**Q** 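Before I ask anything, here is the structure I am working with.
Keep in mind that the numbers below use all heavy atoms, side chains included, and drop hydrogens, waters and symmetry copies. Residue numbering restarts at 1 for every chain, and letters A, B, ... go by the order of the sequence lines. The model shown is predicted, which means the values in this text are computed figures rather than measured ones.
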There are 2 protein chains.
Amino acid sequence: MNLAPLPDIYRQAPFSEDCAPRRLLRLFSGKWTTMILHTLHLLGGASRPGQLQRTIPGLSKKMMTQTLRELERMGLVTREVMQVMPPAVEYRLTALGQQFITPLEMLYRWGAEHTDLLDCVERNMATGQER
Amino acid sequence: MNLAPLPDIYRQAPFSEDCAPRRLLRLFSGKWTTMILHTLHLLGGASRPGQLQRTIPGLSKKMMTQTLRELERMGLVTREVMQVMPPAVEYRLTALGQQFITPLEMLYRWGAEHTDLLDCVERNMATGQER
DNA sequence: CTGCATCCTGGGCGATACTG
DNA sequence: CAGTATCGCCCAGGATGCAG
């Protein structure tokens, strides 16, 4: 039922559909994903939703839970419900999740150390865009 | 008409609206931005549209030019038109643009060196998502 | 070959309001 | 405090067709 195997040419694309970079980008393309992950790390690897949200200005409750659920499905965080009143919940980075902190740190650190470049780009974009 | 200046509290958010990481994410949130940049680098810093598109499977003509124009406005690439028939164009990384290759390389390299982690995450996501 | 204009759809994301 | 449900906007981004 399958066609004959494709010539190797079709697998030689330098930037194949499923190359590592693309997979990585797909996983963390969400607007809040990396920030939540990184913030969890900053907060010692675990945090309650309230604190998490207060630490990330602009993050709505909806997007927070939604993103956290995705991270949970990815196996990057766990969700622990404490049986008390009022309800308390704790999200915690898994061992797998912590693995992904490294590249995030690299990226974020680079950004922090090169704000001059960011300034430069933003200045360029502002120029000639009167509109 | 303006309110009194806000207390400094409002500027102390650890993850402020305009912190470096967010600025970085905003600039490169496009689906193709980083890939185009990185591919230009791989191709020696310059390339014609055709080759660029052929090197990045799935990239449509529209999104390519659109993204390239944004990169141009950011000052990360230049566009040079050769006056010949048929028309030929060359996009080239600027010095500023090359600066941004470093973090991209770091990220992409990390991805390539940790495909096992990517596998792991994708396996998790596939599980229990019968639907 | 390169590039622009158009049209259109999906879904990411935000605002609001309601439960326990 | 934590979470869900609903609604609706907006726009990124894909497909197609035309022009130089």
**Q** Starting at CG of Leu68(B) and ending at C1' of dG3(C), how long is that distance when rounded to a whole Å?
**A**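 Going from Leu68(B) (CG) to dG3(C) (C1'), I get 11 Å.
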**Q** Parallel, tilted or perpendicular: which fits the ring planes of His114(B) and Trp110(B), with parallel below 30° and perpendicular above 60°?
**A**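 Taking Trp110(B) first and then His114(B), their aromatic rings lie parallel (interplane angle under 30°).
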**Q** Which listed nucleotide (dC13(C), dA2(D), dG3(C)) is nearest to the side chain of Pro87(A)?
**A**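 Taking heavy atoms from C-beta onward, the closest nucleotide is dA2(D).
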**Q** Might you point out which heavy atoms bring Arg92(A) and Ala46(A) nearest each other, and give the distance in Å?
**A**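 Minimum heavy-atom contact is NH1-CB, 3.7 Å.
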**Q** On a heavy-atom basis, which atom in Leu43(B) and which in Gln51(B) lie closest, and how many Å separate them?
**A**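 The answer is CD2-NE2, 3.8 Å.
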**Q** What is the distance from NZ of Lys61(A) to P of dT4(D), rounded to the nearest Å?
**A**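 Answer to the nearest Å: 11 Å.
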**Q** Using atom CG of Leu59(B) as one end and atom P of dA12(D) as the other, report the distance to the nearest whole Å.
**A**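 Taking atom P of dA12(D) as the reference, CG of Leu59(B) is at 16 Å.
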**Q** To the nearest 10 degrees, what angle separates the axes at the start and end of the helix from dC1(C)-dG20(D) to dG20(C)-dC1(D), five pairs each?
**A**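 About 30°, once rounded to a multiple of 10°.
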**Q** Rounding to an integer number of Å, can you tell me how far Leu25(A) CG sits from dG13(D) P?
**A**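 Value for this atom pair: 12 Å.
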**Q** What is the distance, rounded to the nearest whole Å, between atom CE of Met63(B) and atom C1' of dA15(D)?
**A**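 So the CE-C1' distance, Met63(B) to dA15(D), works out to 13 Å.
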**Q** Where each residue is assigned the nucleotide of DNA chain D containing its nearest heavy atom, which of Thr65(A) and Lys62(A) is assigned the position nearer the 5′ end?
**A**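 The residue whose closest nucleotide sits nearer the 5' end is Thr65(A).
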**Q** Under 4.0 Å between a side-chain nitrogen and a carboxylate oxygen: does that hold for Asp116(B) and Arg123(B)?
**A**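 No, Asp116(B) and Arg123(B) are not salt-bridged.
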**Q** Quick check on dC4(C): is either OP1 or OP2 less than 4.0 Å from any side-chain nitrogen or oxygen of Arg69(B)?
**A**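 Answer yes for this pair, as a side-chain N or O of Arg69(B) is under 4.0 Å from OP1 or OP2.
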**Q** Is the shortest side-chain N to carboxylate O distance from Arg69(A) to Glu72(A) below 4.0 Å?
**A**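 A salt bridge links Arg69(A) with Glu72(A).
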**Q** Look at atom CZ of Arg109(B) and say whether more than 12 heavy atoms of other residues, nucleotides or ligands are closer to it than 6.0 Å.
**A**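 Count not over threshold, so no.
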**Q** Here's a test of your reading of the structure: between Gly30(A) and Pro49(B), which maps to the more 5' nucleotide of DNA chain C?
**A**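 Its nucleotide being nearer the 5' end, the pick is Pro49(B).
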**Q** Heavy atoms only: give me the nearest Val121(B)-Met74(A) pair and the separation to one decimal.
**A**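 Looking at all heavy atoms of both residues, the closest pair is CG1-CB, 3.7 Å.
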**Q** Measuring to OP1 and OP2 of dG14(D), would you say a side-chain N or O of Lys31(B) lies under 4.0 angstrom away?
**A**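 Result: yes.
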**Q** Rounded to whole Å, please give me the gap between CD in Gln53(A) and C1' in dA2(D).
**A**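 Those two atoms, CD and C1', are 10 Å apart.
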**Q** Output yes when at least one side-chain N/O atom of Arg48(B) is less than 4.0 Å from OP1 or OP2 of dC1(C), else no.
**A**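 Indeed not, no polar side-chain atom of Arg48(B) lies that close.
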**Q** Take atom CG of Leu52(B) and atom P of dG3(C), then tell me their distance rounded to the nearest Å.
**A**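 Whole-Å distance recorded here is 11 Å.
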**Q** Without decimals, in angstroms, what is the distance between Gln51(A) CD and dC1(D) P?
**A**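 After rounding, the reported distance stands at 12 Å.
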